[in-house]
K.L.:
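After the structure tokens below, expect a handful of questions from me.
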Amino acid sequence: MRILIVNGPNLNMLGIREPDVYGKQSYRDLKNEIRRHAKAIGVAVAFFQSNHEGALIDCIQRRYRRIDGIVINPGALTHYSYALRDCIKAVGLPTVEVHLSDIGAREPFRKQSVTADVCVKQICGKGFAGYLEAVDELKKGKA
Ligand code: DQA
């Protein structure tokens with residue numbers, strides 16, 4: 001099984017940006033943790049991060065035929081990107097939306113996700129562990 005892990009705007013700034021909200025570990029640490037977990041359960045993972053909406057969409061459109069599922073943290077695009085939502089729906093792959101923080105317990109504009117209902121599941125507020133759970137979820141669905 002092959003899973004694409006997609007991270008949107010500012011997730012490359014993990015460890016630097018608002019460590020009280022997003023933790024002190026870096027994007028590289030996140031990738032290493034996911035890689036370790038995926039290897040342990042026999043799943044192949046590939047990563048993509050961009051600060052640009054169109055680049056995220058291009059990546060998903062380019063790779064969807066060769067993967068079995070997507071884990072996505074769209075960052076702030078979660079709250080307003082109908083284009084990313086349409087892309088997730090268009091490719092028709094099981095997709096799990098992840099947020100490091102609990103978006104329901106923060107500013108009002110973060111409560112709405114325009115992407116969640118085209119995903120099989122949304123996981124919030126569990127930090128890096130949320131990504132590992134998302135990988136498990138996709139593997140479970142496949143088994
Ligand atoms: C986030 C939550 C979003 O509201 C925010 O814009 C992010 C990160 C999270 O992982 O908690 O960039 O998706």
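Since the structure is predicted, the reported quantities are computational estimates derived from the model, not experimental observations. In each ligand, atom 1 is the first atom listed, and ligand 1 is the first ligand listed.
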K.L.:
Using a 4.0 Å heavy-atom cut-off, say whether Arg17 meets ligand 1 through its side chain, its backbone, both or neither.
P.N.:
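Side chain only.
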
K.L.:
If the threshold is 4.0 Å, N to carboxylate O, is there a salt bridge linking Glu97 and Lys121?
P.N.:
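No, this pair does not count.
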
K.L.:
Does a salt bridge link Asp102 with Lys126, judged by any charged N lying under 4.0 Å from a carboxylate O?
P.N.:
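No, no charged N to carboxylate O under 4.0 Å.
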
K.L.:
For the 3.5 Å polar cut-off, considering only N or O atoms, please tell me whether Ala76 and ligand 1 meet it.
P.N.:
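Yes, at least one N or O pair falls under 3.5 Å.
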
K.L.:
Does Arg28 CZ have over 12 foreign heavy atoms under 6.0 Å away?
P.N.:
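At most 12 heavy atoms, drawn from other residues, nucleotides or ligands, come within 6.0 Å of this atom.
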
K.L.:
Looking only at non-hydrogen atoms, find the nearest pair between Ser81 and Leu84 and report the distance.
P.N.:
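Heavy atoms only, the tightest pair is OG-N, 2.9 Å.
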
K.L.:
When the ring planes of His99 and His79 are compared, do they come out parallel, tilted or perpendicular, using 30° and 60° as the limits?
P.N.:
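Plane angle under 30°, so parallel.
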
K.L.:
Return the residue, atom name and 0.1 Å-rounded distance of the protein heavy atom closest to atom 5 (C) of ligand 1.
P.N.:
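For this ligand atom, the closest protein heavy atom is Arg110 NH1, 3.2 Å.
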
K.L.:
Between Leu100 and ligand 1, which part of the residue brings a heavy atom under 4.0 Å of the ligand: side chain, backbone, both or neither?
P.N.:
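Both backbone and side chain of Leu100 come within 4.0 Å of ligand 1.
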
K.L.:
For atom 11 (O) of ligand 1, what is the closest protein heavy atom, and at what distance to 0.1 Å?
P.N.:
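Going atom by atom, the protein heavy atom closest to atom 11 (O) of ligand 1 ends up being Ser101 OG, 2.6 Å.
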
K.L.:
Under 3.5 Å, is there a donor-acceptor pair between the Asn7 and Tyr131 side chains?
P.N.:
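Distance-only check passes for Asn7 and Tyr131.
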
K.L.:
Mind checking whether His99 contacts ligand 1 via backbone (N, CA, C, O), side chain (CB onward), both or neither, at a 4.0 Å heavy-atom cut-off?
P.N.:
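The part of His99 near ligand 1 is both the backbone and the side chain.
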
K.L.:
Are Asn73 and ligand 1 in contact, using a heavy-atom cut-off of under 4.0 Å?
P.N.:
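Yes, Asn73 has a heavy atom closer than 4.0 Å to ligand 1.
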
K.L.:
With atoms numbered from 1 as shown, which atoms in ligand 1 lie under 4.0 angstrom from a non-hydrogen atom of His79?
P.N.:
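In order of number, 3 (C), 4 (O).
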
K.L.:
Checking side-chain polar atoms at under 3.5 Å, does Asp136 have a donor or acceptor matched by the opposite partner on His37?
P.N.:
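Side chains of Asp136 and His37: pair found under 3.5 Å.
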
K.L.:
Where does Ile103 meet ligand 1, judged by heavy-atom distances below 4.0 Å: at the side chain, the backbone, both, or neither?
P.N.:
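Side chain only; the backbone of Ile103 stays clear of ligand 1.
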
